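All values derive from a computational prediction rather than experimental measurement.
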Amino acid sequence: VLLVLPMLIPEQRFTLRLACQVFMNVTILMGVQIILGFSKQFSLAQVAFYGIGAYATALLTTHGVATVPALLLSGLVAGVAAVLVAIPAVRFTGPWLSLVTFAFAQIIQILMARLKGITGGTAGFYNIPRPSIGTIEITREIDYYYMLLVIASLAVLLMVRLRYSAYGRVWLSIGDNPDIAASLGVNVPAQRVLAFFIGSFLAGVAGGSFATYTTFISPESFGLPQTIQTLTILVIGGIESIVGVLVSVVFVTLSSNYLLALHPWDLILYGLVIVLIMNFLPGGFGELIARLRPRAPAPTPPQATEASRAA
């Protein structure tokens, strides 16, 4: 359906822009779900890694690196930065981890603004090269649509494979009870660092995609509002539900854009909708999907045999 959607939708340019936003949000949310949804590490630094990936891609492509290697290298840079943060940070849990990662995110945003020779400072990084894949130049909105769709699809595929792998089960067990997981032989700190690396790698790739799509980035693109939005999408979707988060990405992205037509009431209505969803669906869209999913009929008890009745 997504492959033929651009041929079916009206007002193509605006709708394609919304779809591209959805795909970039999907990519970063898959990483957030690994860290916060599965291993239950309440990190507020994902937007920082998103920004690191964006600036890394901007610098690499400006110096002639092709788009695909630049995105992979940007994800790797963000992942390595996450490991450097996670190694000391995994000793903390709950609000203490949130404070440490939030402080790191603030430091990164300040560096983005102060390192003018590298990032362009508060004026931003201009003229980021348009992406290209081989001899194919990505210039039209529909070209970006398919490029970002492929990236988001790969992120979802990776997420599904990890969720039902041994790593996914380990992360979920750590999220449920790290002490029990450790008693069963799980190296809890190492697994938390691994979750940080993979989640931040996806954030870096998403940031690189954002940089090549907009061709302009600035520190304001990677601040607290973006952190709040990612957490909102995750909670509304259901922190452990992949399908729920995908539904939430579409819902939040579309509603936040279409409600702009109701300014100055848009933020009030947006907040009211979120309150209503969390009131009636505490588990998010994942809970609703679980309710609607058909349940297997309960097995009927075997009929008593003549021998058992005689006994």
Side-chain angles (χ1 to χ4, degrees), residues 21-53 75 78-79 82-83 85-86 89-90 93-94 97-98 101-102 105 148-149 151-176 178 181 188 191-207 209-210 226-253 274 277-278 281-290:
Q21 290 182 31
V22 168
F23 297 149
M24 288 185 285
N25 286 337
V26 165
T27 305
I28 187 173
L29 258 296
M30 292 297 98
V32 174
Q33 192 168 36
I34 291 175
I35 297 172
L36 203 154
F38 292 173
S39 60
K40 303 299 188 297
Q41 300 178 87
F42 201 80
S43 169
L44 298 179
Q46 283 307 98
V47 171
F49 303 124
Y50 182 64
I52 289 173
V83 170
V85 174
V90 292
T93 57
L97 178 61
S98 301
T101 52
F102 179 72
L148 297 172
L149 172 60
I151 294 173
S153 300
L154 291 174
V156 173
L157 179 61
L158 174 64
M159 186 67 174
V160 172
R161 293 296 298 271
L162 287 172
R163 168 64 178 81
Y164 297 102
S165 69
Y167 291 105
R169 291 190 289 271
V170 166
W171 292 334
L172 287 169
S173 68
I174 291 173
D176 291 338
V188 173
Q191 289 297 325
R192 283 176 168 167
V193 171
L194 179 61
F196 248 99
F197 173 79
I198 297 176
S200 300
F201 173 86
L202 291 176
V205 172
S209 304
F210 173 75
Q226 289 73 29
T227 298
I228 294 173
Q229 184 186 48
T230 56
L231 292 177
T232 301
I233 293 173
L234 183 66
V235 173
I236 290 178
I239 61 174
E240 292 184 7
S241 173
I242 298 175
V243 178
V245 168
L246 294 177
V247 173
S248 179
V249 168
V250 176
F251 174 80
V252 172
T253 304
I274 292 174
I277 291 174
M278 298 314 301
L281 291 173
F285 288 121
E287 178 183 341
L288 177 62
I289 293 168

Minimum heavy-atom distance between [X] and [Y], given as atom pair plus value:
X      : Y      : value
Leu202 : Ala155 : CD2-CB, 4.1 Å
Ala195 : Ile35  : O-CG1, 3.5 Å
Gln46  : Ala203 : NE2-CB, 3.7 Å
Ser39  : Ile174 : O-CG2, 4.4 Å
Phe196 : Ala82  : O-CB, 3.8 Å
Ala48  : Ala105 : CB-CA, 3.8 Å

Measure the spacing between [atom1] of [X] and [atom2] of [Y] and express it to the nearest 0.5 Å.
X      : Y      : atom1 : atom2 : value
Leu194 : Trp171 : CG    : CH2   : 5.0 Å
Phe42  : Leu97  : CZ    : CG    : 9.5 Å
Phe23  : Thr253 : CZ    : OG1   : 10.5 Å
Leu29  : Ile34  : CG    : CD1   : 11.5 Å
Phe38  : Tyr167 : CZ    : OH    : 15.5 Å
Met30  : Asn25  : CE    : CG    : 10.5 Å

Heavy-atom distance under 4.5 Å between the side chains of Met24 and Ile151, does that happen here?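 When only atoms from C-beta onward are counted, Ile151 and Met24 do not touch, as no gap falls below 4.5 Å.
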
Using a 4.5 Å cut-off on heavy atoms from C-beta on, say whether the side chain of Phe49 contacts that of Ile28.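 Ile28 vs Phe49: side chains apart.
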
Side-chain donor-acceptor pairs of residues 231-247 under 3.5 Å, sequence neighbours excluded:
from   : atom 1 : to     : atom 2 : distance (Å)
Thr232 : OG1    : Ile228 : O      : 2.7
Glu240 : OE2    : Lys40  : NZ     : 2.6
Ser241 : OG     : Gly244 : N      : 2.9

Side chain to side chain contact (heavy atoms under 4.5 Å, CB included) evaluation trace for Val90 with Gln41: CA-CA 8 Å; Val90 292; Gln41 300 178 87; 3.9 Å; yes

Yes or no on side chain to side chain contact (heavy atoms under 4.5 Å, CB included) for Arg163 and Leu172, after CA distance, side-chain angles and deciding distance? CA-CA 9 Å; Arg163 168 64 178 81; Leu172 287 169; 3.4 Å; yes

Can you list the steps and then say if Gln33 with Leu162 is a side chain to side chain contact (heavy atoms under 4.5 Å, CB included)? CA-CA 11 Å; Gln33 192 168 36; Leu162 287 172; over 6 Å; no

Please work out whether the ring planes of Phe210 and Tyr50 are parallel, tilted or perpendicular, with thresholds of 30° and 60°. tilted

Between the side chain of Thr101 and the main-chain N/O of Ser98, is any donor-acceptor distance below 3.5 Å? yes

